[in-house]
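One structure is given here, and the rest of the page talks about it.
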Amino acid sequence: MSHLNATAISRFKHLTQLHAQIIQHSLHNHNYWVSLLISHCTRLRAPPIYTRRIFNSTDQPNVYAFTNMLKFYSHIGAHTDVITLFGCLQISGVTPDAFVFPIVIKSFGKDAIVLHGHVLKTGHQSDRYVRNAIMGMYAKYGPICFARKLFDEMSERMAADWNSMISGYWRWGKRVEAHKLFTLMPERNVITWTAMITGYSNIQDLATARMYFDEMQEKNVVSWNAMLSGYSQNGFAEEAIELFNKMISSNVQPDETTWVSVISSCSERADPNLANSLVKMLNEKNVRLNSFVHTALLDMYAKCGNLEAARKIFNELGAFRNAVTWNAMISAYTRVGDLNSARQLFDKMPGKNVVSWNSMIAGYAQNGQSTMAIDIFKEMIKCSTNIKPDEVTMVSVISACGHLGALELGNWALKFINENQINLSISGYNSLIFMYSKCGNMKEAQRIFNKMKQHDVISFNTLITGFAAHGDGFSAIDLIKKMKKDGFQPDRITYIGVLTACSHSGLIKEGEKLFESIPTPDVDHYACMVDLLGRVGKLDEAKKLIEKMPMAPHAGVYGSLLNASRIRKRIDLGEFAANELFKIEPQNSGNYVLLSNMYASMGKWGNVERVRKEMKVIGVKKTTGWSFVEYNGKLHKFIVGDKSHERSDDIYKLLMELRKKMRVVGYNVDKESVLRDVEDEEKEEMVGTHSEKLAVCFAILVSEKGSSIRIVKNLRVCWDCHEAMKILSKLEGREIIVRDNNRFHLFRDGLCSCNDYW
DNA sequence: GTAGGGTTAG
């Protein structure tokens, strides 16, 4: 045994050399050699199974063997193995020494609190490292005041004690205390400074972080990485890349962590050229890449639009794939709208975590598949008991409910949030504001807004857009005033919202004043102004504004003019606008329909016919409209000509009855076309979609008498059905609320709340 | 044996 040489082992660079030694020598009951070999396994990153076999080869491991094995597990982050092995240690009757506790405390995480008493009993608290570990545990997991108490009780402190305390304060958001300790600390080291950089980065104060970075005397690669990741995680991609270049020219060798940060900044920029140059550098330097770097690269390729390269990395990673790798690939697919590929991966993925579910839910929600988003959320809470939805999940779900106008579902989701004590941040509350606005409940939307302790620009924009959809111009104007008073700078969305609100309430003076106040109005703001002028009947001014625009008008500009021309029956301008639209977007059927509706509303059926023929020649297909009603927590969807709904027969029967009833009260059914035969698809197609009639009938069938009827539809409420809803509201004696893409129309007693058809 | 830096989802 004597020729097994400790110095020789410490020079080994490869596991195979170690392996040869182990085979040559019988290691039974030789704890010294076992401990030594395990410590080299740690150094050489040996596989856990291999290392454990060495440990197991001794019948009675002593405290050194245990310590080194624990160290090995701790080093690779196998915390459950540390905990189990510590259990073995206690059972085997070996007395743990002071060396064991810091390792074990770290792996126990917040449960290490149970070890505190243990330590006191064994008297190990006199050991400075054990003391530091206990204090660090309280600093990390709280209560932070316990950590401070231990800190104050220390007669002499190591730098590590100060550093643990400082980063503990940062972790608990106590900037002032962290800073105070920093100034009090007698001998600050590189770790102290790095902790300050990270602290300020995490509260998004990059300027101060950079101040500390520039001021520190001695920097190592970790300090550079701290600054770099501060930039990259807060969206300062330019700064990150600049700092990285500086790092290279300062001759600091980047490590894997560096690459991860830089690559992720490059992903954010989505710049393929930059991506290529980074990959070139990686190849030149011939660096070892771990799975973090690979995943970052995968994400970078995906965000730069190279899905094949991303998938190639994914495939090549094979057994080295982890949950993050899978998630990155899944969202790569959802990002481009390839939900099928995303779903395929998702279904195959082992060990899904909350991010996997969130990616899939958000993927559906952002690609217009709100119903699917909610379905998969239901599946999530049904089949995975160990994965809890978090705020991100709920933001997607709530926003999906908003898009659907599904109030019952939205309330259910909110109840879920409360019952599961999910904390909401600003964006969580913003999604609630969005949902209630979209569901027509502005009171609740406002209540949530007022309840929020902090707002951001999006909070204001969401509520303003809600007011706009409800035609509440005054509230929108009040809100932009409050916004400025609170010190928020309105952005382009804010102005679009307020202008739209003015437009929907006919506030021409206020709108014009606001338009003047926009620092750099863009094409969308011009479109809003054209819409506003059009709605108040100043169509010629609208056309003049278009001619004066400093940029090329887009479809929205002419669309507004066309719509106004239709309402005001200005054939000349309508035809002008329509012709421009046909040039810009020849395949958009909506424009043809608008034009033909204009003709129809003036009884010019010949022209209607002409447009219809033109559509056929060009090959434009009218997109089918759908409407739905939320009933009993379920969404009931209706499409013209589709009779698959279970109550279909009753619905059509009711439609006939209503038609009779109308004749009795004196409406000309054919003229008003309210209940025109839905089988007449050709005419149906020309004058607009009437799926909402089916939806209304369903709602009449299932809802209580006297209650209001709420419908969501995916196309603009057209002239025809607008009239139909007015009449129906009178006939039925109740409110009908229709939400088309972003407008609310409240029909009551034969009138509509909106200003479209004055 | 202690303290500081990393990839994915809204």
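These numbers come from a predicted model, not from an experiment. In what follows, every chain begins at residue 1, and chains take the letters A, B, ... in the order their sequences are listed.
Contact annotation for A:S359: backbone-only contact, meaning every heavy-atom pair under 4.0 Å involves sugar-phosphate atoms and none involves a base. A:N132 comes within 4.0 angstrom of the backbone, heavy atoms only, and of no base.
Closest contact between the side chain of A:T198 and the listed nucleotides B:dG4, B:dG1, B:dG10 involves B:dG4. The A:A98 side chain lies nearest to B:dG1 when the options are B:dG1, B:dG10, B:dA9. Side-chain proximity of A:S425 to the nucleotides B:dG10, B:dA9, B:dT2 is greatest for B:dG10. For A:S331, taking side-chain heavy atoms from C-beta onward, the closest of the listed nucleotides B:dA3, B:dG1, B:dT8 is B:dT8. For A:V130, the listed nucleotide lying nearest its side chain is B:dG1; candidates were B:dG10, B:dG5, B:dG1. Nearest to the side chain of A:V324, among B:dT7, B:dG10, B:dA9, sits B:dT7. Closest to the side chain of A:D127, from the set B:dA3, B:dG1, B:dG6, is B:dG1. Nearest to the side-chain atoms of A:S223 among the listed nucleotides B:dG6, B:dT8, B:dG4 stands B:dG4. Here the nucleotide nearest the side chain of A:V190, chosen from B:dT7, B:dG5, B:dG4, is B:dG4. Taking the side chain of A:P102 as heavy atoms from C-beta on, and the options B:dG5, B:dG6, B:dT2, the nearest nucleotide is B:dT2.
Distance A:K303 NZ to B:dT8 C1': 8 Å, rounded to the nearest Å. Atom OH in A:Y301 sits roughly 16 Å away from atom P in B:dT8 (whole-Å rounding). The distance between atom CD1 of A:I166 and atom P of B:dA3, rounded to the nearest whole Å, is 14 Å. The separation between A:F320 atom CZ and B:dT8 atom P is 21 Å, rounded to whole Å. Rounded to an integer number of Å, the gap from A:M247 CE to B:dG6 P is 14 Å. Atoms CH2 (A:W326) and P (B:dA9) sit 17 Å apart, rounded to a whole Å. Atom P of nucleotide B:dG4 and atom CE of A:M185 are separated by 12 Å, given to the nearest angstrom. Atom CZ in A:F182 sits about 15 Å away from atom P in B:dG4, given to the nearest Å.
Counting distance only, with no hydrogens placed and no angle test, the side-chain atoms of A:S427 and the base atoms of B:dG10 include a donor-acceptor pair under 3.5 Å. A donor-acceptor contact under 3.5 Å is not formed by the side chain of A:D161 with the base of B:dA3. Side chain A:D255 to base B:dG6: no donor-acceptor pair is found below 3.5 Å.
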Would you be so kind as to tabulate the donor-acceptor pairs closer than 3.5 Å made by side chains of residues 136-147 of chain A, with sequence neighbours excluded?
unit_1	atom_1	unit_2	atom_2	d
A:Y138	OH	A:H116	ND1	2.9

For residues 421-428 of chain A, please give each side-chain donor-acceptor pair under 3.5 Å, one per line with the distance, not counting sequence neighbours.
unit_1	atom_1	unit_2	atom_2	d
A:S425	OG	A:E391	OE1	3.1
A:S425	OG	A:E391	OE2	2.7
A:S425	OG	A:S427	OG	3.4

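Residue A:Q233 has no polar side-chain atom (N or O) positioned under 4.0 Å from OP1 or OP2 of B:dG5. Between A:K106 and B:dG1, a side-chain N or O to OP1/OP2 separation shorter than 4.0 Å is absent. Checking the phosphate oxygens (OP1, OP2) of B:dA3, no side-chain nitrogen or oxygen of A:R157 falls inside 4.0 Å.
Side-chain atoms of A:Y333 and A:R343 form no donor-acceptor pair, as typed in the model, at a separation below 3.5 Å. In this structure, a donor-acceptor pair under 3.5 Å is present between the side chains of A:Q90 and A:H118. Under the 3.5 Å distance criterion, with hydrogens and angles disregarded, a donor-acceptor pair is assigned to the side chains of A:T192 and A:N163. Donor-acceptor pairing under 3.5 Å is recorded for the side chains of A:N358 and A:T393.
Put simply, A:Y129 does not rest on the base of B:dG1: the two rings are not both less than 5.5 Å apart at their centres and under 30° in tilt.
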